[in-house]
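Some notes on the structure that comes next.
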Number of protein chains: 2
Amino acid sequence: MKDPTSPVCRTISTLLSRIGDKWTVLVVSTLGEGPRRFNELRREIPSVSQRMLTLTLRNLERDGLVSRAVTPSIPPRVDYALTPLGHSLREPIQALSDWAIANIAAIHEAQHRFDAAADEAVAA
Amino acid sequence: MKDPTSPVCRTISTLLSRIGDKWTVLVVSTLGEGPRRFNELRREIPSVSQRMLTLTLRNLERDGLVSRAVTPSIPPRVDYALTPLGHSLREPIQALSDWAIANIAAIHEAQHRFDAAADEAVAA
DNA sequence: CGGAATCCATGGTGATACTG
DNA sequence: CAGTATCACCATGGATTCCG
């Protein structure tokens with residue numbers, strides 16, 4: 001289980017990388033509220049570039065977490081939504097977010113202590 | 001809560017980036033079994049470079065998740081261990097790992113479907 | 001509207017060599 | 001043993017432009 005080359009660990013690692021990237025969680029959490037069109041997502045996540053949103057959605061679609069429905073009208077319309085698999089991911093993500101929120105203060109405090117100690121070391 | 005510039009979201013995002021990097025989870029999960037010295041960690045995580053292990057441990061220490069105890073003997077000895085905060089992170093991480101393990105098959109299947117569909121599109 | 005393609009800057013990462 | 005320092009590389013991501 002600790003061998004990083006084992007298939008299980010590689011899969012977990014891949015998943016964590018996907019979770020860890022800047023946009024996946026934002027997209028999943030936004031889509032968690034309901035299906036969205038491409039530019040709706042852009043509006044709700046103003047800091048994401050078009051390129052990164054496209055790539056993020058492609059990856060999520062490839063992993064089977066997000067569905068992509070094209071309506072070939074004019075103008076074209078593309079709806080994204082969470083699949084059941086995507087929805088099921090929201091719980092563990094929520095657990096992680098809850099942990100983060102509960103421990104923001106402790107982490108920031110630790111960081112300040114660490115940085116202060118580092119400065120002190122420089123001064124000495 | 002969806003504003004990526006809000007302090008809460010930035011903290012979560014930072015945490016997720018830390019979790020998402022290749023080494024943090026491996027280190028935390030290894031240290032979860034008990035304190036380890038620097039080279040013990042290297043041996044248990046063979047794929048990590050010395051540099052990356054150092055950087056990962058520094059970040060974890062700065063965040064207050066890992067403690068670093070130096071024994072200035074000859075040869076020098078440095079012990080790393082999870083702090084209580086670090087231990088508390090193991091639960092949400094475990095939840096995520098459990099999810100990943102439970103859904104490895106579904107994800108791989110989705111990926112193969114996606115790639116097959118992409119190949120088909122190229123062939124057409 | 002919903003992309004794809006291209007260019008380019010930045011930084012994360014590894015390999016190597018050196019130090020206390 | 002436990003690092004630090006330096007370099008070189010390549011993937012990530014932003015900005016811009018073009019297309020169906």
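- Of the candidates D:dC1, C:dG3, C:dG14, the closest approach to any side-chain atom of B:Lys22 belongs to C:dG14.
- Residue contacts for B:Arg58: at a heavy-atom cut-off of 4.0 Å it reaches the sugar-phosphate backbone alone, with no base atom in range.
- Atom CH2 of B:Trp23 is separated from atom C1' of C:dG12 by 13 Å (rounded to the nearest Å).
- Between the side chains of A:Thr56 and A:Asn59, no donor-acceptor pair of N or O atoms lies under 3.5 Å.
- Atom CG of A:Leu53 is separated from atom P of D:dT12 by 17 Å (rounded to the nearest Å).
- Between the side chains of A:Arg68 and A:Tyr80, at least one donor N or O sits under 3.5 Å from an acceptor N or O.
- Checking B:Arg43 against B:Thr54, the closest nucleotide of DNA chain D that is more toward the 5' end is the one next to B:Arg43.
- For B:Ile45 and C:dG14, the CD1 to P distance is 12 Å, given to the nearest whole Å.
- Atom CD of B:Glu40 and atom C1' of D:dA2 are 13 Å apart (whole Å).
- A:Val28 places a side-chain heavy atom less than 4.5 Å from the side chain of A:Arg90.
- In this structure, the CG atom of A:Leu57 is 17 Å from the P atom of C:dC1, given to the nearest Å.
- Side-chain proximity of B:Val78 to the nucleotides D:dA2, C:dG3, C:dC1 is greatest for D:dA2.
- Looking only at side-chain heavy atoms (C-beta outward), A:Glu61 and A:Leu57 stay at 4.5 Å or farther from each other.
- Candidate nucleotides C:dA15, C:dC1, D:dA2 were compared by shortest atom distance to the side chain of B:Arg51, and C:dA15 ranks first.
- With C:dG14, C:dG2, C:dA17 as the choices, the nucleotide that has an atom nearest any side-chain atom of B:Gln50 turns out to be C:dA17.
- A straight line from CG of A:Asp21 to P of C:dG12 spans 15 Å, rounded to a whole angstrom.
- Across D:dA2, D:dC1, D:dT4, the shortest atom-to-atom separation from the side chain of B:Pro75 is found for D:dC1.
- Listed pair B:Arg68 / D:dG3 meets the phosphate criterion, a side-chain N or O lying under 4.0 Å from OP1 or OP2.
- Dashed line: the shortest gap from a side-chain N or O of A:Tyr80 to OP1 or OP2 of C:dG3 is under 4.0 Å.
- The side chain of A:Met52 sits closest to D:dG13 out of D:dG13, D:dG3, C:dG2.
- The distance from atom CZ of B:Arg77 to atom P of D:dA2 is 8 Å, rounded to the nearest whole Å.
- The residue from A:Arg113, A:His112, A:Gln111 that alone fulfils the side chain to side chain contact (heavy atoms under 4.5 Å, CB included) condition with A:Glu109 is A:Arg113.
- Rounding to whole angstrom units, CZ of residue A:Arg42 and P of D:dA15 are separated by 10 Å.
- For B:Asn39, the side-chain atoms get nearest to D:dA2 when compared with the rest of C:dG3, C:dG14, D:dA2.
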